[in-house]
Amino acid sequence: MSRVWNFSPGPAALPEDVLRQAAAEMLDWHGAGMSVMEMSHRGKEFTSIIEQAEADLRELLAIPDNFHVLFMQGGAIAENAIVPLNLLGGKKTADYVVSGSWTVKSFKEAQRYCTPHLAAGALGGPFLAVPPAPTFRFSADPAYVFICSNETIDGVEYAGMPDLAALGRPDVPLVADVSSHILSRPLDWSRLGLAFGGAQKNVGPAGLTLVIVRDDLLDRASPLCPSAFEFKTVAAHRSMYNTPPTYAIYIAGLVFQWLKRQGGVAAIEAANIAKARLLYDYIDASGFYENHVQPEYRSRMNAPFFLKDETLNDSFLTEARAAGLAQLKGHKSVGGMRASLYNAMPIEGVAALVDFMKEFSRRHG
Ligand SMILES: *Cc1c(COP(=O)(O)O)cnc(C)c1O
C-alpha cells in the first residue's frame, strides 16, 4: 500500500492515524460487537461518541456555553437556504459580503427567500482580496450579515472576523461559512452569531455539516423551514431530531481527538502558517509559478497557482501524480492549479510539493 500526498480541496485528506483507528474499530467498536455504522443513534454507545465529539469541539474552538453545536446534514450549500429560513425572522433583507465563488452562490440562493443586499464585493471575479470591513455598506435593517471567511475556490481568506459592533451594527448577527478553514485557526465568538461548515474539508467525511449558533438566534425561523433543518428543533433534540450522519460524526470525533494530540488549534495554526509560507514563498520567488491573490488575503488552506506557461499544465499534473502528488488541478472557474493544505497535510507533504515544483521548473524552464 502506498498513500499519496493528497492536495484535494474536498473531500480531502484525513489524518492517517484517524483512518487506522477507524479501520481497527470497523468491525467491533470498543467491544460493542458491531461497527459504529450499525448502532442505534439513540443507544448509549453512540450517545457517548456524539457527546465526546461535541465536548472536544467545544474545547478546541473555545465555544461559549450560549452557543449550540448542531450536527446536521445537507452540506454548506444547503446552509445557504437553511440560514435565511432560520434567521430572516420576517425581515426582507440580509447583507452579503461577496468575496469569492462561494459567496456568489450564497447570495443567489438567498434571493429565493429575501432580497439580499450586496454590502461589499462583486458578483463576478477574479476574486483576489477580501473587501475590507470599513468598505461594507449595510442596508437599513438586515436580518444578518453573511460572509465566507475562507473562499476555497479563489484562495482568499479573512485574517479575522469583521467586528460589526465597531462598524455600528452591534445587534446584527454575523454569519460565516467556515467550511474550508474551521479548526485551522481560532474563531472569535464575540463577533459571530453563527458559523457553519461542511465536514469534508477539515473535519471528516462528507455528509456532516457543523452549525454553531448563538442561543438567541433560535427563535426567528420561518414557518416554512423544514423541521429537520430548523435550528431550534435540532438543538432541542441534541442533533437527534432525525437520524444524524452517525459514522461521519464518529470520524469527526476521531479527528478532534487527533487535533488535541497535535496540541490543539493554536499548535495546528502555527503549523498551517509554516506550511502556507513554505509554498507561497517558493511560488513568489520561482519566476515560473504565480499566485494572484493580494498577499495579505492569501488563504492558508487553499493556494491556487498558475504556471506562467500554461501549455505545461497537463504535463505538470501528470508528472506530479507520478511523483505521488495528487488532486492538484485548479477549480474549472479559476484554472491553473490549487494545493489545499488542510490540517491533515503535514509540512513534509508541502515540502514534497515544493521540491517537485522546483524540479519541474528546472526541467521545463
Ligand atoms: C466546499 C464548500 C461549500 C460546499 O459544500 P457542500 O458540502 O458541497 O454543500 C460551500 N462553501 C465553502 C466555503 C466550501 O468550501
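All ligand and atom numbering here is 1-based and tracks the order in the structure.
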* Pairs in or reaching into residues 63-84: which pass side-chain hydrogen bond (donor to acceptor under 3.5 Å, both in side chains), with residues at least two apart or in two chains? ->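 Of all non-adjacent pairs touching residues 63-84, those that pass side-chain hydrogen bond (donor to acceptor under 3.5 Å, both in side chains) are H68-D215, N80-S106.
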* Any sub-3.5 Å donor-acceptor pair from S179's side-chain atoms to G197's backbone N or O? ->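 Answer holds: no.
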Quiz: residues 116-123 side-chain donor-acceptor pairs under 3.5 angstrom, not counting sequence neighbours:
unit_1 : atom_1 : unit_2 : atom_2 : d
H117   : NE2    : R137   : O      : 2.6

* Asked: What pairs of residues pass the ring pair (Phe, Tyr, Trp, His ring centres under 6.0 Å) test when at least one of them lies in residues 30-54, not counting sequence neighbours?
  ->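 Non-adjacent pairs meeting ring pair (Phe, Tyr, Trp, His ring centres under 6.0 Å): zero.
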* Asked: Which class fits the ring pair Y96 and F107: parallel under 30°, tilted 30 to 60°, perpendicular over 60°?
  ->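 Rings of Y96 and F107: perpendicular, over 60°.
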* Any idea which residues sit under 4.0 Å from ligand 1, heavy-atom distances? ->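 Within 4.0 Å of ligand 1, the protein residues are G75, A76, I77, W102, C148, N150, T152, D177, S179, S180, Q200, K201.
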* Any side-chain donor paired with an acceptor under 3.5 Å for Y250 and E25? ->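 Yes.
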